[in-house]
Undergrad: 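Quick one: this structure, given as structure tokens, is what I'll be asking you about.
Note that this is a predicted model, so its numbers are computed, not measured.
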Amino acid sequence: MSRWKGLPESLDQRVRQLVVQLRRLKDHSGLSLVSLAARTPYSKSSWERYLNGKKLPPREAVVALARVCDADPTRLLALHEVAAQAWGAAATPEAGRAADPADPADPPDPGGGADATVAKEGAPRPAGGPRVRTGALVVLAALGVVVVAAVALLIVRPWQQDAAGRGPAGGAAGRTAGAVPAFTHRVGETFDCRLTRGPGGLSAGRSRTTTAILGSGATGWDVVEAQCLLHHHGYDPGPVDGIVGENTQRAVKRLQAGAGLPTDGIVGPDTWKVLRR
């Protein structure tokens, strides 16, 4: 079994689910990164970036990995579609690239490394060029930090509540539109479920998602929302704690079986449709 590096904390949960499944498939096959590079059009460095969450693999890379591991790519492609939406427009040009055989690292400095740095520092300053005052830059940077901290406080403050009322459901009064609170799990903490029905269907007020992929070990407000909806439909996920464990997966499978969906225990777009009815 490979010893994987921890994924970046900033990595979107939907992208994280895709990477976890790709890692499991690679580990189950017993193939090394060198072997993957030899059997697919993608280099070892490319697979290292894909499987460590540094770069979204293109759709073709997902298919290639499934092929060499003798696996059905259907589920992986569904995860990839949702992950690609979460990756963002900034990553789209690289993420959508059809083939990346070499995918070289950043090009070396043509100036020759340390010697070039010395040469640059010793080079004369162009005559008449503008001079930036270091003191002014420091002041501007400090002001920027203060502004960012103030904005963050305004966003986070409405979500600070007692344990039973933490999360999106309790902070509607002072909420900044589009703000998403950070989910922090506390041992033994559970959340209450207060369901309402709106234009988008049933909601517990914890999350509005209809596309989040929630597999084993997933955490967050999306999980709290799914657990509350499972309770409403008569499928006990265990404590509503925001963590997908065995009880939650069993409840999801029972719901999926009753709705005629594949019983994989993973909450995806089709399962969300049933939950929100």
Side-chain angles (χ1 to χ4, degrees), residues 1-87 91 94-105 183 185 211-220 222-223 226 237 242-253 256 261-271:
M1 182 68 68
S2 299
R3 293 185 177 180
W4 294 104
K5 298 178 181 178
L7 294 174
E9 294 183 1
S10 60
L11 194 64
D12 187 277
Q13 182 65 32
R14 291 163 289 185
V15 181
R16 185 182 297 270
Q17 287 294 324
L18 172 64
V19 175
V20 168
Q21 294 302 321
L22 294 178
R23 284 180 169 186
R24 288 177 179 173
L25 186 60
K26 182 261 182 192
D27 288 343
H28 183 72
S29 70
L31 295 173
S32 65
L33 294 180
V34 174
S35 299
L36 284 180
R39 299 188 184 191
T40 66
Y42 304 89
S43 66
K44 175 185 175 183
S45 60
S46 295
W47 283 117
E48 189 276 333
R49 284 191 283 273
Y50 299 156
L51 297 174
N52 283 292
K54 299 177 183 177
K55 183 177 179 182
L56 183 71
R59 179 185 177 90
E60 290 76 10
V62 175
V63 174
L65 178 61
R67 177 178 55 80
V68 299
C69 296
D70 295 325
D72 184 357
T74 303
R75 177 183 169 192
L76 293 174
L77 290 177
L79 292 173
H80 181 274
E81 182 178 353
V82 177
Q85 297 174 1
W87 190 260
E94 289 186 357
R97 189 163 43 178
D100 188 12
D103 201 4
F183 177 86
H185 178 257
T211 59
I213 304 296
L214 307 178
S216 177
T219 63
D222 294 339
V223 178
I243 302 176
V244 176
E246 293 182 1
N247 292 334
T248 299
Q249 283 192 301
R250 281 196 292 266
V252 172
K253 288 180 179 179
Q256 291 171 331
L261 298 175
T263 55
D264 56 7
I266 297 177
V267 178
D270 291 335
T271 304

Undergrad: Between E81 and R59, is there a side-chain N and carboxylate O pair less than 4.0 Å apart?
TA: no
Undergrad: Can you tell me how far the OG atom of S46 sits from the NZ atom of K54, to the nearest 0.5 Å?
TA: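 Reported to 0.5 Å precision, the distance equals 11.5 Å.
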Undergrad: Check L31 against K26 and note the closest heavy-atom contact, atom names and distance.
TA: O-CE, 2.8 Å
Undergrad: If I compare all heavy atoms of T271 with all of I266, which pair ends up nearest, and what's the gap?
TA: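 Minimum heavy-atom contact is OG1-O, 3.7 Å.
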Undergrad: Of the non-hydrogen atoms in T211 and R14, which two are nearest, and what is the gap between them?
TA: OG1-NH1, 4.1 Å
Undergrad: Roughly how far, to the nearest 0.5 Å, is SG of C69 from CG of L36?
TA: 6.5 Å
Undergrad: Measuring only between side-chain heavy atoms, which start at C-beta, is T248 closer than 4.5 Å to L214?
TA: no
Undergrad: Quick one: do L51 and L33 satisfy side chain to side chain contact (heavy atoms under 4.5 Å, CB included)? Show the steps, please.
TA: CA-CA 10 Å; L51 297 174; L33 294 180; 3.8 Å; yes
Undergrad: With rounding to the nearest 0.5 Å, note down the distance linking OG in S216 to CD in E246.
TA: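 Between S216 OG and E246 CD, I get 8.0 Å after rounding to 0.5 Å.
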Undergrad: With the side chain counted from C-beta on, respond yes when L65 and Y50 share a heavy-atom pair under 4.5 Å apart, and no when they do not.
TA: no
Undergrad: W47 versus P57: any side-chain heavy-atom pair under 4.5 Å?
TA: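 Sidechains of P57 and W47: no contact.
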Undergrad: Determine, stepwise, if the pair V63 / L77 fulfils side chain to side chain contact (heavy atoms under 4.5 Å, CB included).
TA: CA-CA 8 Å; V63 174; L77 290 177; 3.8 Å; yes
Undergrad: Could you check if a side-chain atom of N247 sits within less than 4.5 angstrom of a side-chain atom of R250, using non-hydrogen atoms only?
TA: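 They are in side-chain contact.
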Undergrad: Measure the spacing between CD of E60 and CZ of R67 and express it to the nearest 0.5 Å.
TA: 12.0 Å
Undergrad: Specify the closest pair of heavy atoms between G53 and L7, including all atoms of both residues, with the distance to one decimal.
TA: N-CD2, 4.0 Å
Undergrad: Between NE2 of H80 and CD1 of I213, what distance do you get to the nearest 0.5 Å?
TA: 13.0 Å
Undergrad: Going by heavy atoms in the side chains, are Q13 and D222 under 4.5 Å from each other?
TA: no
Undergrad: Going from CD on E48 to NZ on K55, what distance comes out if it is rounded to the nearest 0.5 angstrom?
TA: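 One gets 11.5 Å once the value is rounded to the nearest 0.5 Å.
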Undergrad: Can you tell me if Q256 uses its side chain to pair, donor with acceptor, with the backbone of G265 under 3.5 Å?
TA: yes
Undergrad: Tell me the closest heavy-atom pair linking A66 and L25, and the distance in Å.
TA: CA-CD2, 3.9 Å
Undergrad: Can you list everything that forms a side chain to side chain contact (heavy atoms under 4.5 Å, CB included) with A83? Sequence neighbours excluded, please.
TA: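 Scan of A83 (side chain to side chain contact (heavy atoms under 4.5 Å, CB included), adjacent residues dropped) gives V15, L18, L56.
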Undergrad: Which heavy atom of Q17 sits nearest a heavy atom of A218, and at what distance?
TA: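 Shortest heavy-atom contact: NE2-CB, 3.6 Å.
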